[in-house]
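Quick notes on the structure that follows.
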2 protein chains.
Amino acid sequence: MAFEEERKIFSSFIRNKNLRHSEQRQQIMDVFLKTERHLSAEELYDIVREKNPSIGYATIYRTLKLLSEAGLCRELQADGRITRYEHLHNRDHHDHLVCTECGKMVEFEIPEIEALQEKIARKNGFVLKNHRWELYGLCSDCTR
Amino acid sequence: MAFEEERKIFSSFIRNKNLRHSEQRQQIMDVFLKTERHLSAEELYDIVREKNPSIGYATIYRTLKLLSEAGLCRELQADGRITRYEHLHNRDHHDHLVCTECGKMVEFEIPEIEALQEKIARKNGFVLKNHRWELYGLCSDCTR
DNA sequence: ATGATAATGATAATTATTATCATTATAAGG
DNA sequence: CCTTATAATGATAATAATTATCATTATCAT
Ligand SMILES: [Mn+2]
Ligand SMILES: [Mn+2]
Ligand SMILES: [Zn+2]
Ligand SMILES: [Zn+2]
């Protein structure tokens, strides 16, 4: 089984916080880790319930929050009001191109931008914590 | 009374769409135009109701939508799930620094970024429509 | 094995926004 | 000015995503 490193990270996170392991958390993490997409809570819920139909919505949200705190997951507000979740472990920071028609998300990475952002923040007296940079448009499939 | 140009734009927008003028729309537009802030619908509602306590929430939302369609207003998802609205007429495009503690928003403008974004979009087969670039951190008031 | 307490799932609550609909206001034409 | 078609309004219900509540169950240190 893959994702040994992630499993270990989550496990020590749980232990350090005096939380407990559970079957449901394992199942949710497994599905999250093996799915290479920008998942919504609902999408994750649907996939997890194929294996364990008794799992509750709240547990999905609770586990996603834990995964985020553990540094394995990144929440992102794609566009409207729904939150999507993606892998964070061992990944370089990246931003997103989003198709407003079909929802396709393409990742991109511009290292120079990081320094620029720091400069802008400093100039305005801010201590930068994070950022969001999203480009919206039509993907090649949706332009014709 | 100021904002003659904006008034004219809104007026022709209304006419061209075969809509009608109303006292409420005027009042809402007036407050919106004279308020130099990134307003939420609720904040706008509260201010407008000081002048006209009988105005309804739905009319605030409806009018903000019209102002946006007319090109006078820009909707922005500051951070969480609430939409904020700002002036758009005769303004250069800008992005925002947001204090995660007190909500303060500082505007900034980096002309070079526009070309860069076009390049990124084109490289990925996208036709760019708009973008969102937000830097989150602590403002100078909130760092100590 | 036991007991303290964390986790779960069902469901209610919350929040921002949109839809519905009966009533009122606008404005074009006579 | 009056009439009339219909757009606009305000109250309120509905929606959608997420979070809170709480009785029941599961975990794990002892
Ligand atoms: Mn991504
Ligand atoms: Mn602004
Ligand atoms: Zn597309
Ligand atoms: Zn601040």
Side-chain angles (χ1 to χ4, degrees), chain A residues 10-32 38-46 48-70 73-85 103, chain B residues 7 10-32 38-70 73-85 103:
Chain A
F10 193 56
S11 211
S12 6
F13 175 81
I14 294 286
R15 237 185 301 274
N16 291 341
K17 288 220 150 192
N18 286 319
L19 306 179
R20 295 171 186 176
H21 289 93
S22 79
E23 190 55 29
Q24 291 93 329
R25 284 181 179 164
Q26 284 302 332
Q27 294 172 331
I28 292 167
M29 183 173 74
D30 284 355
V31 171
F32 173 73
H38 301 86
L39 285 168
S40 66
E42 189 186 9
E43 289 165 352
L44 183 56
Y45 174 79
D46 289 340
V48 171
R49 280 179 73 97
E50 292 172 10
K51 295 280 173 182
N52 178 354
S54 69
I55 217 155
Y57 235 124
T59 302
I60 298 286
Y61 277 104
R62 288 188 280 237
T63 304
L64 281 168
K65 187 144 292 172
L66 290 177
L67 289 168
S68 299
E69 291 175 37
C73 177
R74 177 185 173 205
E75 311 184 358
L76 47 102
Q77 265 71 42
D79 192 10
R81 12 208 144 287
I82 109 161
T83 305
R84 291 188 170 274
Y85 304 84
Chain B
R7 278 196 169 68
F10 193 57
S11 210
S12 8
F13 174 81
I14 293 287
R15 235 186 302 275
N16 291 342
K17 288 218 149 195
N18 287 319
L19 305 179
R20 293 172 186 176
H21 290 93
S22 79
E23 190 57 28
Q24 291 93 327
R25 283 179 180 165
Q26 285 301 332
Q27 295 172 330
I28 293 167
M29 183 172 75
D30 284 354
V31 171
F32 172 74
H38 301 86
L39 285 168
S40 65
E42 188 185 10
E43 289 166 351
L44 183 57
Y45 174 79
D46 289 341
I47 303 174
V48 171
R49 280 180 72 98
E50 291 171 11
K51 295 279 173 185
N52 179 354
S54 68
I55 217 153
Y57 235 124
T59 303
I60 299 285
Y61 278 104
R62 288 188 280 238
T63 304
L64 282 169
K65 188 144 292 171
L66 291 177
L67 289 168
S68 300
E69 290 176 38
C73 177
R74 176 187 174 207
E75 311 183 358
L76 47 102
Q77 264 71 41
D79 190 10
R81 22 217 134 280
I82 110 161
T83 305
R84 292 187 168 274
Y85 303 84

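Proteins come first, then strands; the chains are lettered A, B, ... in the order of their sequence lines, and each starts at number 1.
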>> B/N52 and side chain to side chain donor-acceptor pair (under 3.5 Å): which single residue from B/E23, B/Q24, B/Q27 fits?
In response: B/Q27
>> Strictly below 4.0 Å: does B/R81 bring a side-chain N or O up to OP1 or OP2 of C/dT17?
In response: no
> Measuring from B/L66:CG to B/I14:CD1, what's the distance to the nearest 0.5 Å?
Replying inline: 5.5 Å
> What does D/dT30 pair with, Watson-Crick or G-U, if both distances are under 3.5 Å?
Replying inline: C/dA1
> Nearest-Å distance, CD (B/E75) to P (C/dT17)?
Replying inline: 9 Å
> Could you give the CG-to-P distance, from A/L66 to D/dT19, as a whole number of Å?
Replying inline: 12 Å
> Any side-chain heavy atom of A/I28 within less than 4.5 Å of one from A/R25?
Replying inline: no
>> Does this structure show an ion pair linking A/E75 with A/K65, if we count only N-O contacts that are shorter than 4.0 Å?
In response: no
Please write out the pairs of protein N or O atoms and N or O atoms of nucleotides 28-30 of chain D separated by less than 3.5 Å, giving the distance to one decimal.
residue, atom, partner, partner atom, Å
D/dC28, OP1, A/H21, N, 3.1
D/dC28, OP1, A/H21, ND1, 3.4

>> Distance check needed: D/dT9 C1' versus B/M29 CE, whole Å only.
In response: 18 Å
> When the distance from CD of B/E43 to C1' of C/dA16 is rounded to whole Å, what number comes out?
Replying inline: 14 Å
> For B/R25 and C/dA27, what is the distance between atoms CZ and C1' respectively, to the nearest whole Å?
Replying inline: 14 Å
>> Checking base pairs now: Watson-Crick or wobble, both atom distances under 3.5 Å. What partners D/dC2?
In response: C/dG29
What does the list of N/O pairs under 3.5 Å between the protein and nucleotides 9-13 of chain C look like, with a distance for each?
residue, atom, partner, partner atom, Å
C/dG9, OP1, A/Q24, NE2, 3.3
C/dG9, OP1, A/S54, O, 3.3
C/dG9, OP2, A/G56, N, 3.1
C/dG9, OP2, A/T59, OG1, 2.7
C/dG9, N7, A/R62, NH2, 2.6
C/dG9, O6, A/R62, NH1, 3.3

> Taking CG from B/N18 and C1' from C/dT26, how many angstroms apart are they, rounded to a whole number?
Replying inline: 13 Å
>> I'd like to check B/I47 versus B/L39 (side-chain heavy atoms, cut-off strictly below 4.5 Å). Are they in contact?
In response: yes
> Is any side-chain nitrogen or oxygen of B/Y61 closer than 4.0 Å to OP1 or OP2 of C/dT17?
Replying inline: yes
> Base, sugar-phosphate, or nothing for A/K65, non-hydrogen atoms under 4.0 angstrom?
Replying inline: sugar-phosphate
>> Without decimals, in angstroms, what is the distance between A/Q26 CD and C/dA6 C1'?
In response: 16 Å
> Closest heavy-atom contact between B/I60 and B/A41?
Replying inline: CG2-O, 3.8 Å
>> By the 4.0 Å heavy-atom rule, please label B/T83 as base, sugar-phosphate, or nothing.
In response: sugar-phosphate
> In a check of side chain to side chain donor-acceptor pair (under 3.5 Å) between A/R84 and each of A/E43, A/Q77, A/H38, which one passes?
Replying inline: A/E43
> Between A/S11 and A/H21, which heavy-atom pair has the shortest distance, and what is it?
Replying inline: OG-NE2, 3.0 Å
> Do A/R74 and A/Y85 have side-chain heavy atoms sitting under 4.5 Å apart?
Replying inline: no
> What's the CG-P distance between A/L64 and D/dT18, to the nearest Å?
Replying inline: 10 Å
